[in-house]
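In what follows, a structure is listed as structure tokens, so that the remarks can point back to it.
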Protein chains: 2
Amino acid sequence: MSIDPPGFELPLRLFLGFRVLIDELHAELARQGHPHARPMHGFVMQAIGPEGTTAVELGRTLGVSKQAAGKTIETLERIGYVERARDPRDTRRKIVRLTPSGVDVLVRSAQIFDDLRARWAAVIGEERLRDLEADLRKVTPHDVFRLDVPGWFGA
Amino acid sequence: MSIDPPGFELPLRLFLGFRVLIDELHAELARQGHPHARPMHGFVMQAIGPEGTTAVELGRTLGVSKQAAGKTIETLERIGYVERARDPRDTRRKIVRLTPSGVDVLVRSAQIFDDLRARWAAVIGEERLRDLEADLRKVTPHDVFRLDVPGWFGA
DNA sequence: CTATTAACGACAACGACGTTGTCTATTCTA
DNA sequence: TAGAATAGACAACGTCGTTGTCGTTAATAG
């Protein structure tokens, strides 16, 4: 029930910190007109980027199969955050691009994350927060985000 | 692709830190004879505790339905980390208890987490690591861990 | 220039995870 | 003692990931 061995606390706190930020982000996004956005969507849309991508490329970026990436794209398309169009220079490819609504989510997310960060700074101090970020940078991979979170944790 | 807005980095680093610790834990657990342990299993077994629980109680503790808790217990039972027995004082209940193998996972996990923590301390310094933990404690809920990670992130 | 190889996207099947709903058995309570 | 509440089992459903297959299109080797 409680956290007995000292080493158990660190991973727990890291995850709780992540979860708190993501939960508050989405509570605020819902208030601002994006109730259907899910945690993974933000990561996916950021991986898509302003230039757009394809399912295969997105899968590679996020460390999942092209089929999994395709399904996520479908969901994003249904919500209206993404649209697909054939590549005129390669008829096989379908370019995935963010819609204005999708861009809006990213813009608002950036703003909200900044606000949340400021709230943390108000609690622990700006300097300590900078230290925290710098320290985490030293012990985490510079690698990109891997999207296989659901299966990674549970399966 | 990269992390442009400053506010995007903090949640990412927190999650990467969590993921690195969990991944290294399970790599080491696999080496020490526990290749089937999954990230969620550790959290579940810790929630079960030395006294044991029931599916309903476990579900409440972890914030999931009793059916979901029951399925997780089934998996843990199949791997051999948990065993079930009827409660003699209440024939409806089935007490879930850790097997010696399940206890072994927790003991080894505690040791491995301590080692990983020491490795972080060697990189950023023991004092800074203590600050980091103290700061995270201030901005995270004292609430328990919620196990709905897969669905929470993706669905 | 043609034939083989490679890549993209779509479809289906599968297992894991969560959910809600239903059902029986047992215990508690009015 | 009758009725309400609880524990657990079972089924159905939707989502997410996986692998495997297939048709179409592009790149490349002969």
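Reminder, nothing fancy here: chain letters follow the sequence lines and each chain counts from 1.
Across all strands, Ala55(A) comes closer than 4.0 Å only to sugar-phosphate atoms, never to a base (heavy-atom distances). Across all strands, Ser65(A) comes closer than 4.0 Å to base atoms (heavy-atom distances). Here Arg60(B) lies in heavy-atom contact (under 4.0 Å) with sugar-phosphate atoms only. Gly154(A) comes within 4.0 angstrom of sugar-phosphate atoms only, judged by non-hydrogen atoms across all strands, and of no base. Within the 4.0 angstrom heavy-atom criterion, only backbone atoms of the sugar-phosphate kind lie near Leu147(B); the bases stay farther away.
For Lys71(A), the listed nucleotide lying nearest its side chain is dT18(D); candidates were dT19(C), dA7(D), dT18(D). Minimum atom distance to the side chain of Lys66(B) is reached by dA9(D), of the listed dT21(D), dA13(C), dA9(D).
In this structure, the CG atom of Leu58(A) is 16 Å from the C1' atom of dA10(C), given to the nearest Å. To the nearest angstrom, P of dC8(C) lies 9 Å from CD of Glu57(A). One can place CD1 of Ile73(A) at 17 Å from P of dT15(D), the figure rounded to the nearest angstrom. Per the geometry, CG belonging to Asp148(A) stands 17 Å off P belonging to dA16(C), to the nearest Å. Summarising the geometry, the separation between CZ on Arg146(B) and P on dG18(C) is reported as 11 Å, rounded to the nearest angstrom. In this entry the distance linking CE of Met40(B) with C1' of dG18(C) reads 10 Å, nearest Å. Protein atom CH2 of Trp152(B) is 18 Å distant from nucleotide atom C1' of dG17(D), rounded to whole Å.
Within residues 79-95 of chain B, the residues approaching DNA chain D are Arg84(B), Arg92(B), Arg93(B), Lys94(B), by heavy-atom distance under 4.0 Å.
The pair Glu133(B)-Arg13(A) does not meet the salt-bridge criterion, since no charged nitrogen lies less than 4.0 angstrom from a carboxylate oxygen. A salt bridge links Arg119(B) with Glu24(B); the closest basic N to acidic carboxylate O contact falls under 4.0 Å. Under a 4.0 Å N-O distance rule, the pair Arg19(A)/Asp148(B) qualifies as a salt bridge. Ion pair Asp104(B)/Arg108(B) flagged as a salt bridge, since at least one NZ, NE, NH1 or NH2 atom sits closer than 4.0 Å to an Asp/Glu carboxylate oxygen. Using a cut-off of 4.0 Å between Lys/Arg side-chain N and Asp/Glu carboxylate O, Arg130(B) and Glu126(B) are scored as salt-bridged.
Between the side chains of His36(B) and Tyr81(B), not a single donor N or O lies within less than 3.5 Å of an accepting N or O. Between Asp23(B) and Trp152(A), the side chains place a donor N or O and an acceptor N or O closer than 3.5 Å (distance only, hydrogens not considered).
Nearest-nucleotide assignment on DNA chain C puts the 5′-proximal partner with Val56(A), out of Val56(A) and His41(B). A residue-by-residue look at Gln67(A) and Glu74(B) shows that Glu74(B) has its nearest nucleotide of DNA chain D further toward the 5' end.
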